[in-house]
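Atoms within a ligand are numbered from 1 in the order they appear, just like the ligands themselves. Values in this document were obtained by computation on a predicted structure and should not be read as measured data.
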Amino acid sequence: MHYDGGTAAQAAVDIHLSGPAGACSRNLFGHFIEHFHRQVYGGLFQPGSPLSDARGFRLDVIEAMRELRPSVVRWPGGCFVSSYHWVDGVGPRRRPHYDKAWRVTDPNTFGTREFVEWCAAIGAEPYICTNAGTGTAEEMSDWVEYCNLPAGSGRWSDLRVEHGSPEPFDVRYWSIGNENYGDWEMGAKDPHEWARLVTESAKMIRRVDEHATLLTAARADLDWMLPLLAGAGQHLDALSIHGYWDVLNEVNRPADYLTALSRSLGPQHDIERTRHIIGATGLTGRVTIAFDEWNLRGWHHPSGTGADALAARDQNDDNSTYTMADALFTAGFLNTCLRNADVVTMANIAPSINARGPLFVHDAGVVRRTTFHVLAMYATLLGESALTSTAHSPSLAGADVPVLDHLPTLHADTGTLTVALVNRHPSAELSCDLSVGGQPVTGELDATVLAGPGVDAYNDVGTPSRVVPERTRIRVDEGRVVLPPHSVSVVDVPLPVTRTPGTVGARQRRSDWYLDHRVWRPGA
Ligand code: AHR
């Protein structure tokens, strides 16, 4: 970024200090791991690896995940969960089971306790998605008993004690089912079957743990949602929706940069449709949205049980797939969720490790993909409240997507602003006039910039630092900043001298946001 001082800017952003400030849930920086391909086995969990601890957890994976300040991790699926029986994954004798979702044998050596301990190791809350496919309301609520009731409460809590965990695991987040509307899901349901099962399951879970945060599989579809919310809405805290905007299940042909970014407004459309359905059922302010599976790229898993179909899943681990398109789509997705933080209270990148995730794990180490760095920048540098703003921008060629995307945030503790600025143009810089309350920004600004050498740049085993964030300072006069092509910049913006901290709009609520420090340490 530099100051060009020249002609009229192509874009402009004016940040509203007097507008509302929406507290953003820390859970917008959530994660997801599924028993699919090498996310767990061969990913985070590798007993016997020289890089693993005595529990089998890869220590380099834990270290990298902690850089993302993960708030919550959803597990064990995804499609996997809809024919998973949790009792197979607890206690000293684990029985392998044939996973009908992914057509492989799961050893069950990574189960509930291992998941809870791994979450503690990375500093995240566990979030368990239950089996509403082949499972029952009782099996789901028994899992809550096993995890959360104190010793002596009954069969399941006492089994946990017998398995060596006298203290409850205190799992706060529970979801009833995963995508049970889809015929691809084991035990798929029609809307009325679904509403009935969720209502009964929610009732039973609430009778075990009335303080649990309870979610359920949803979609922005009235036929699915009206019976669900009419029956179970009173028991629910949030609706789980999913989004993949480059669907590659059967054919692995990742969209190019411009095609991928032309889909950047998709998340907003999904949120709006779901928000309106929540409103139509009178549950605004009561039930929120959890985008608890999202990624630009859908996972590649062609149909079939043969060796070729299973081997095709290795194509998810091709690091050249994850370029600046993934980084900028990720920034745009997070900006969208943060702008809608009044109704979007959780978002979980799907998945976190291997497959399409931000962290690639190989036998000798890890690769922080481009998306990893965006997640780290957002989770560690942005303020805990999103402000409103007015902006104008040219559109991306051939798409109704603005070249500029941005998100202003406020640090309540210091009253300082940090702004994310995204230039989606594949080759050109973007000049932008930046102002606060109508006053042009001026001064030396601290900035962290992720740009890479080109739109198709990526990190790989032999080149782990081809795309890394750069910590820099920029001189800004009369508000003019020039953003590098295909870049994400997080910039600390001084308040205008006439404004003092705390004069922002009143709509600030206590948020569960925390920032343990803001010093940026580029990925090693
Ligand atoms: O491609 C992975 C799958 O995507 C997840 O298991 C499921 O929840 C979603 O359909």
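Looking at Asn108 and Arg95, their side chains never bring a donor and an acceptor atom within 3.5 Å of each other. Side-chain contact annotation: Ser82 with Glu185, donor-acceptor N/O pair under 3.5 Å present. A donor-acceptor contact closer than 3.5 angstrom is absent between the side chains of His37 and Asn354.
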What short N/O contacts, under 3.5 Å, does ligand 1 make with the protein, listed by atom pair and distance?
residue: ligand 1; atom: 1 (O); partner: His301; partner atom: NE2; Å: 2.9
residue: ligand 1; atom: 6 (O); partner: Glu34; partner atom: OE1; Å: 2.7
residue: ligand 1; atom: 6 (O); partner: Glu34; partner atom: OE2; Å: 3.2
residue: ligand 1; atom: 6 (O); partner: Cys79; partner atom: N; Å: 2.8
residue: ligand 1; atom: 8 (O); partner: Asn178; partner atom: OD1; Å: 3.2
residue: ligand 1; atom: 8 (O); partner: Asn178; partner atom: ND2; Å: 3.1
residue: ligand 1; atom: 8 (O); partner: Glu179; partner atom: OE2; Å: 3.3
residue: ligand 1; atom: 8 (O); partner: Glu293; partner atom: OE1; Å: 3.0
residue: ligand 1; atom: 8 (O); partner: Glu293; partner atom: OE2; Å: 2.6
residue: ligand 1; atom: 10 (O); partner: Glu179; partner atom: OE1; Å: 2.6
residue: ligand 1; atom: 10 (O); partner: Glu179; partner atom: OE2; Å: 3.0

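Within a 6.0 Å radius of CZ in Arg55, more than 12 heavy atoms belonging to other residues, nucleotides or ligands are found.
Applying the side chain to side chain contact (heavy atoms under 4.5 Å, CB included) criterion to Ser175, with sequence neighbours excluded, gives Tyr127, Cys129, Leu215.
A cation-pi arrangement is not found for Arg113 relative to Phe169, the charged atom failing to lie both closer than 6.0 Å to the ring centre and inside a 45° cone about the ring normal.
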